[in-house]
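Quick note: residue numbers are just sequence positions, from 1.
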Amino acid sequence: MTKERATFPSGTGADLHVDLHVDLHVALRGTGLRSGLMNALRDAVRSGRLAPGTRLPSSRTLAADLGIARNTVADAYAELVAEGWLTARQGSGTRVARRTAPRRPAPAPQRPGPVRGRPAHSLMPGSPDVASFPRAEWLKAARRAITAAPHEAFGYGDPRGRPELRTALADYLARARGVYADPDRIVICSGYVHGLMLLASVLRSGARTPGPGGRVREVAVEAYGLDLHWRRLTDAGLRLSALGFDERGTRTGDLASLDGAGAVLLTPAHQFPMGVALPPDRRTAAVDWACATGGLVLEDDYDGEFRYDRQPIGALQGLDPERVVYLGTASKSLAPGVRLAWMVLPEALVGDVAAAKGESDWSSGALDQLTLAEFISSGAYDRHVRAMRLRYRRRRDQLVAALAERAPGIRVSGIAAGMHAVLELPPGTERAVVQAAAWQGLAVEGLGRFHHPATPPGPDALVVGYGTPADSAWSGALDALCRVLP
């Protein structure tokens with residue numbers, strides 16, 4: 001290959017560098033040089049290096065600069081003139097054509113509608129205040145953890161997760177949530193959904209037989225929840241049945257009438273989205289059902305660490321560690337981006353779940369696990385949770401006060417814990433209010449979004465999250481909410 005560079009002198013009206021990459025055997029036939037020159041000139045015009053109206057060197061000058069025949073340059077110029085890239089006039093030389101930019105069709109008029117794109121304010125439930133992530137403390141914990149990490153920590157490791165994190169979690173969960181959590185019975189995963197997928201796969205495969213009927217084919221779920229979680233169960237081949245719901249929460253007594261269910265998925269600490277805690281008699285009923293049938297309770301400890309107006313409610317798992325699978329996550333207490341969650345398993349399930357995790361190759365980063373272990377052991381996690389509990393309580397109080405003043409007819413519930421509230425609406429208004437909120441640039445979710453279709457419809461309501469908005473946007477979000485309420 002040869003590379004020729006032509007520099008047009010300033011007297012031609014342009015400082016242009018044309019790079020020609022020419023295969024020698026093509027060049028000898030005299031055809032590759034012209035094509036190369038034409039391509040180089042087209043590229044220069046497209047990129048704007050040759051502006052419209054720029055005068056090009058004469059064919060004699062350019063041929064001398066490139067060391068090629070004048071006819072080659074003249075032929076290239078003539079063809080580019082024919083294509084419309086250049087113009088040639090007697091006495092004016094060869095210039096870059098002045099081409100009119102293609103006209104773009106005017107956008108069709110749009111009918112007024114809800115604000116598109118990113119909303120101005122978001123009160124969507126389930127999201128924490130990620131702006132309050134403890135960056136400085138996390139960085140300190142990461143430095144200490146990496147400095148003290150053994151060499152083997154940088155290998156593939158145990159699919160259950162790093163022993164440092166499992167040990168730290170066992171101590172913390174026993175102390176803060178009343179969980180019986182031996183480190184050998186903890187499996188670290190990449191989020192609550194990942195853990196649920198692993199459990200669904202193991203239960204459906206029959207690797208472990210939880211009850212007299214063998215493998216699990218059906219899972220009971222609550223009347224309200226996230227369809228994302230329900231889909232993960234059905235994707236694994238499990239059927240779903242829905243439990244009833246009333247003012248005291250999920251009717252776990254209905255489990256006795258479900259012949260096919262081998263497991264039940266519950267949020268006993270703070271039901272999502274209704275926000276009630278499962279009362280003691282219904283907690284006991286769920287565990288009694290599991291003991292009598294050999295079934296399992298899958299406990300999603302949603303919002304278990306954020307309570308305001310009540311004493312801590314221990315995890316259901318403490319009632320029977322062999323019948324209850326405990327699932328927790330750092331997504332709400334720290335941030336979803338941490339991508340760390342954990343399962344505390346009955347002894348009979350540990351091996352199968354760990355094997356399923358290894359097969360799926362959803363590994364959790366060892367460095368993040370070591371950092372979280374240090375963050376917990378140093379007491380930084382407890383301090384952060386306490387600080388966020390105060391922050392969310394203050395947000396909740398401001399929400400309740402604003403509604404009492406500006407929308408006194410709205411009943412608020414589910415606010416003793418967590419990061420969201422349920423605002424009951426007049427019958428038949430939920431959809432209109434959600435649409436009106438979209439017009440105001442406010443993202444908010446209706447209660448119907450979380451309702452299981454197999455259960456009777458519930459009241460019209462909004463599920464309002466108060467963890468997400470930044471402090472600077474909080475008052476604006478409250479104003480927008482109050483404007484759309486009936």
Side-chain angles (χ1 to χ4, degrees), residues 107-132 224-228 247 270-276 302-303 306 308-309 332 336 388-451 457-486:
Q110 295 184 352
R111 298 176 62 184
V115 178
R116 302 296 180 185
R118 189 172 183 178
H121 304 291
S122 175
L123 292 175
M124 298 293 282
S127 298
D129 178 15
V130 294
S132 296
Y224 292 93
L226 283 174
D227 56 0
L228 169 65
E247 67 279 357
H270 188 239
Q271 204 285 327
F272 180 85
M274 300 304 287
V276 299
Y302 186 84
D303 283 347
F306 298 122
Y308 314 121
D309 302 325
K332 302 299 185 292
M388 297 311 296
R389 193 179 294 147
L390 292 173
R391 183 179 183 84
Y392 293 142
R393 178 172 184 164
R394 183 165 56 250
R395 285 281 183 92
R396 181 208 64 173
D397 292 346
Q398 291 168 345
L399 170 64
V400 172
L403 293 173
E405 178 183 353
R406 301 173 60 180
I410 298 297
R411 177 177 175 267
V412 185
S413 62
I415 57 174
M419 297 179 291
H420 72 270
V422 178
L423 279 55
E424 191 168 340
L425 301 172
T429 63
E430 180 180 312
R431 182 176 298 181
V433 171
V434 172
Q435 186 177 40
W439 280 67
Q440 294 284 339
L442 173 66
V444 69
E445 201 70 84
L447 180 61
R449 163 72 174 76
F450 306 104
H451 176 253
D460 282 39
L462 296 182
V463 184
V464 175
Y466 46 81
T468 301
D471 287 341
S472 59
W474 175 234
S475 61
L478 282 181
D479 289 342
L481 175 65
C482 291
R483 282 197 299 269
V484 302
L485 292 175

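- Annotation: the span from Thr429 atom OG1 to Leu462 atom CG amounts to 8.0 Å, rounded to 0.5 Å.
- Scanning both residues, Ala402 and Leu478, for their nearest heavy atoms gives CB-CD1, 4.3 Å.
- Considering only heavy atoms from C-beta on, Leu481 comes within 4.5 Å of Leu423 through its side chain.
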For residues 120-127, which side-chain N or O atoms pair as donor and acceptor with protein atoms under 3.5 Å away, sequence neighbours left out?
from: Ser122; atom 1: OG; to: Met124; atom 2: N; distance (Å): 3.4

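- Nearest heavy-atom pair across Ile410 and Pro486 is CD1-O, 4.3 Å.
- Ala421 and Tyr466 make their closest contact through N-CE2, 4.0 Å (heavy atoms, listed as atom of the first residue, atom of the second, distance).
- Considering only residues two or more places apart in sequence or on other chains, Asp129 meets the side-chain contact (heavy atoms from CB on, under 4.5 Å) condition with Ala131, Ser132, Met388, Arg391, Tyr392.
- Each salt bridge (Lys or Arg N to Asp or Glu O under 4.0 Å) pair with one or both residues in residues 432-448, not counting sequence neighbours, would appear here, but there are none.
- Judged purely by atom type and a 3.5 angstrom limit, Glu430 uses its side chain to pair as donor or acceptor with the backbone of Ala461.
- Within the 4.5 Å cutoff, side-chain heavy atoms of Pro336 are placed close to those of Val130.
- Taking all atoms of both residues into account, the shortest heavy-atom contact from Pro459 to Tyr224 is CD-OH, 4.0 Å.
- Under the ring pair (Phe, Tyr, Trp, His ring centres under 6.0 Å) criterion, the residue pairs touching residues 401-423 are His270-His420, Phe272-His420, with sequence neighbours excluded.
- The backbone N or O of Tyr308 lies less than 3.5 Å from a partner atom in the side chain of Arg393, making a donor-acceptor pair.
- Summarising the geometry of Leu442 relative to Ala480, their closest heavy-atom pair is CD2-C, 3.9 Å, with the distance given to 0.1 Å.
- Between Pro119 and Ala443, the closest heavy-atom pair is CG-CB, 3.7 Å.
- The CG atom of Asp460 sits 10.0 Å away from the CZ atom of Arg431 when rounded to the nearest 0.5 Å.
- Between Leu447 and Met274, some side-chain heavy-atom pair lies under the 4.5 Å cut-off.
- Scanning for side-chain hydrogen bond (donor to acceptor under 3.5 Å, both in side chains) contacts around Arg449 gives Asp227, with sequence neighbours left out.
- Residues in residues 472-486 take part in these side chain to side chain donor-acceptor pair (under 3.5 Å) pairs, two or more places apart or across chains: Gln398-Trp474, Arg406-Asp479, Gln440-Arg483.
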